[in-house]
Amino acid sequence: MFDITLITMGKLKEKFYISAAQEYAKRLGAYCRFTLLELPEVRLPEDPSPAEISAGLEKEAELIFSKIPKGAWFCVFTPEGKELSSEGFAAKLSEVKLSGKSSACFLIGSSFGMSPRVKQRADFKLSMGPMTFPHHLARIMVLEQIYRAEAIQAGSKYHK
């Protein structure tokens, strides 16, 4: 069975987000071994300078690198990434599986983004589109799209 890890910076606090995340994690269990890793965001001052933000992202990068499963295909969600339809995302994930990889790891960075080093390490950069979404809502959207991609690959009626 294929392994999928989702690394997120920060914890969900709102019950409705937690409930939605748990539901998609449960659903994913039918298609893959799914792991959600919530890593702590580096605490920054109220109005951080660019240097403070950069230093914080570098600290987060080290933690992220230590959590990417060995040999996993690594995909980051970033505004400058490629936009894919749900079918395109499913095809990309299928391509990864057919390449012989046994796992994929996705990353949603912190509210300040992610270190350029993390983006450079990525095998693929994916964009959720030009709109800006709340950080915690983005997590639910990513979980739903991973679930949808798995359902598409399995020929499920979930995707219409």
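Residues take their numbers from the sequence shown, with the count starting at 1.
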T5 vs K67, test: side-chain contact (heavy atoms from CB on, under 4.5 Å). Steps then yes/no. CA-CA 9 Å; T5 301; K67 300 298 182 182; over 6 Å; no
For the [atom1] atom of [X] and the [atom2] atom of [Y], what is their distance to the nearest 0.5 Å?
| X | Y | atom1 | atom2 | result |
| --- | --- | --- | --- | --- |
| C105 | L6 | SG | CG | 8.0 Å |
| L28 | R148 | CG | CZ | 12.5 Å |
| I108 | T78 | CD1 | OG1 | 12.0 Å |
| L107 | L39 | CG | CG | 8.5 Å |
| I140 | F133 | CD1 | CZ | 13.5 Å |

Going by the rule side chain to side chain donor-acceptor pair (under 3.5 Å), which residues pair with [X] if we only count those two or more places apart in sequence or in a different chain?
| X | value |
| --- | --- |
| S103 | none |
| S49 | E52 |
| S115 | E58 |
| S111 | E41 |

Shortest non-hydrogen contact from [X] to [Y]?
| X | Y | value |
| --- | --- | --- |
| A149 | L93 | CB-CD2, 4.2 Å |
| A72 | R121 | O-NH2, 4.4 Å |
| E60 | S110 | OE1-OG, 3.0 Å |
| I152 | S86 | CD1-O, 3.8 Å |

Residue pairs involving residues 129-140 (criterion side-chain hydrogen bond (donor to acceptor under 3.5 Å, both in side chains); sequence neighbours excluded):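 Pairs touching residues 129-140 that pass the test: T8-R139, E38-R139.
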Does one hydrophobic cluster hold both [X] and [Y], with members joined at side-chain heavy-atom distances below 4.5 Å?
| X | Y | result |
| --- | --- | --- |
| F124 | M114 | no |
| V76 | M128 | no |
| V142 | F16 | yes |
| L126 | M9 | no |
| M141 | F34 | yes |

Which residues share a salt bridge (charged side-chain N to carboxylate O under 4.0 Å, His left out) with [X], sequence neighbours left out:
| X | result |
| --- | --- |
| K101 | none |
| E62 | R117 |
| E14 | none |
| K97 | E150 |

Step by step, work out the side-chain contact (heavy atoms from CB on, under 4.5 Å) result for V42 and F112. CA-CA 10 Å; V42 170; F112 287 101; over 6 Å; no
Residue pairs passing the salt bridge (charged side-chain N to carboxylate O under 4.0 Å, His left out) test where at least one lies in residues 15-35, sequence neighbours excluded: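 Pairs touching residues 15-35 that pass the test: D3-R33, E23-K26, E23-R27.
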Which pairs count as salt bridge (charged side-chain N to carboxylate O under 4.0 Å, His left out) when at least one residue sits in residues 70-82, sequence neighbours excluded?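 Matches after skipping sequence neighbours: E80-K119.
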For F77, which residues count as a ring pair (Phe, Tyr, Trp, His ring centres under 6.0 Å) partner, sequence neighbours excluded?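 If we apply the ring pair (Phe, Tyr, Trp, His ring centres under 6.0 Å) test to F77, skipping adjacent residues, there are no hits.
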Do the side chain of S99 and the main chain of V96 share a donor and acceptor less than 3.5 angstrom apart?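 Yes: the side chain of S99 pairs with the backbone of V96.
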Do D123 side-chain atoms and F74 backbone N/O form a donor-acceptor pair below 3.5 Å?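 Answer holds: yes.
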Hey, are the side chains of P40 and K11 touching, using non-hydrogen atoms and a 4.5 Å cut-off?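 In short, these two side chains do not touch, never coming nearer than 4.5 Å.
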Show your reasoning for whether side-chain contact (heavy atoms from CB on, under 4.5 Å) applies to F2 and I4. CA-CA 7 Å; F2 196 72; I4 295 180; 3.7 Å; yes
Audit row: W73, F106, side-chain contact (heavy atoms from CB on, under 4.5 Å) steps and yes/no: CA-CA 8 Å; W73 178 78; F106 297 92; 3.8 Å; yes
Test applied, ring pair (Phe, Tyr, Trp, His ring centres under 6.0 Å); reference residue, Y158; option that passes from Y24, Y147, Y31: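 Filter result, single survivor: Y147.
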